[in-house]
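Sequential numbering from 1 along the given sequence is applied to the chain's residues. Whatever order the structure lists them in is the order used to number ligands and atoms, beginning at 1.
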Amino acid sequence: MKNLAILGSTGSIGQSALAVVDAHPGRLRVAALAAGDNAALLAEQVARYCPAVVGMATAEGADRLRQACGANAPTIVGGAEGLVAVATHPPVDIVICASAGTAGLEAVLAAIDAGKTVALANKEVLVMAGALVTEAARRKGVAILPVDSEHNAIHQCLHGRDRREIRRLILTASGGPFRELPADALEKVDADAALRHPTWRMGRKITIDSATLMNKGLEVIEAHWLFGVSADQIDVVIHPQSIVHSMVELTDGSVIAQLGVTDMRLPIQYACSYPERWEAALPPLDLTRAGRLEFHAPARDRFPCLDLAYRALRTGGTLPVVLNAANEIAVDAFLDGKLGFTAIPRVIEKAIGAHDVENVTTLEIVRRVDAWARDCARDAAQALELSA
Ligand code: MG
């Protein structure tokens with residue numbers, strides 16, 4: 001029996017993780033849960049899975065959860081301490097980190113320090129602090145298993161393989177809802193259109209990131225940290241059907257791919273079962289019904305976020321922190337209807353252009369640069385908003 005902690009249990013990945021638990025009651029048990037703001041859903045999850053420790057993002061949220069749980073409330077902790085309490089709860093074996101955005105970095109570091117296996121769905125953690133997180137995991141001998149479908153696919157392709165055999169990682173991208181829109185039409189798209197993702201159902205922030213290709217850019221940085229390969233060894237190919245989840249090209253030119261249905265329960269279950277494989281109650285992949293599988297180069301001119309991410313990775317240090325923070329601010333402004341779609345990369349470019357790069361040696365540096373980048377991006381977004 002493996003005991004799970006789920007950070008972000010009320011979100012899309014968190015709910016899929018609980019569905020994996022439902023499918024394997026003899027193998028997986030929920031020991032701790034944390035959520036951002038949805039006290040009503042978390043209270044339902046508490047009643048169903050009986051975790052010993054539960055976290056909410058704020059003290060006020062923790063109060064709402066206590067009220068919703070009534071007499072049978074478990075230990076409830078609010079604020080950043082709540083995430084850490086859930087991530088380090090002693091019986092927990094695997095911490096599934098699916099909290100949105102940059103929340104959860106401290107909790108992941110605390111989980112590693114406590115010797116937990118980390119199943120990572122939150123790519124921002126590695127984008128911001130990949131050096132700190134991977135170094136801590138190496139020191140503690142802790143595994144970081146990717147839940148992000150592309151990296152999970154690459155993990156499967158690399159299983160049992162010598163790292164020196166890798167020539168190149170090939171991340172597939174759906175291309176998002178606008179992959180065929182001309183540049184002038186891209187300027188006019190709104191949040192509703194951007195939130196209609198063609199193949200994956202996900203949270204709002206990551207769905208916008210998919211539409212701008214920033215999601216793929218963040219995944220390039222994530223792949224660098226997870227698999228120890230350079231930016232030059234990571235390529236992106238647009239594959240609108242999202243059936244090939246990613247590929248690895250080996251030194252002799254052979255390409256290994258992982259294919260599957262587009263359902264996050266598959267990579268989540270792999271991370272929970274690894275190094276074993278378990279049965280899954282998912283529909284089988286029927287390639288005879290999948291239709292044509294297409295692959296083409298990303299339109300880097302129409303979707304400049306991808307190259308901004310490559311630039312941040314090649315420069316390294318704190319530049320990916322700035323990229324990530326500025327992107328969060330720009331995406332928020334876009335979702336609020338204050339910023340145009342094509343202004344998102346302009347905000348990010350302003351922030352990374354204004355930054356003096358430092359090495360990431362402490363969490364304090366990450367926090368300080370993250371805060372600076374958010375201010376810088378807010379100013380840039382406001383300037384673009386006014387000129388619009
Ligand atoms: Mg992904």
TODO: Give every protein N, O or S atom lying under 2.8 Å from the Mg ion (ligand 1), naming each by residue and atom.
DONE: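 For the Mg ion (ligand 1), the protein N, O and S atoms that sit under 2.8 Å away are Asp148 OD1, Glu150 OE1, Glu219 OE2.
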- [ ] Return the orientation label for the His155 and Phe227 ring planes: parallel under 30°, perpendicular over 60°, tilted otherwise.
- [x] tilted
Open item on the list: Is there a continuous path of hydrophobic side-chain contacts, each under 4.5 Å between heavy atoms, that joins Leu7 to Leu4?
Closed with: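 No.
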Open item on the list: Let me check something: do Val220 and Leu120 share a hydrophobic cluster, defined by ILVMFWY side-chain heavy atoms less than 4.5 Å apart, either directly or through other members?
Closed with: yes
Task: Thr318: partners by side-chain hydrogen bond (donor to acceptor under 3.5 Å, both in side chains), with sequence neighbours left out - done: His355
- [ ] Compare all side-chain heavy atoms of Ile234 with those of Arg168 and state whether any distance is below 4.5 angstrom.
- [x]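 When only atoms from C-beta onward are counted, Arg168 and Ile234 do not touch, as no gap falls below 4.5 Å.
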- [ ] For the residue pair Ile365 and Thr361, establish whether any side-chain heavy-atom pair is separated by less than 4.5 Å.
- [x]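 A side-chain contact under 4.5 Å exists here.
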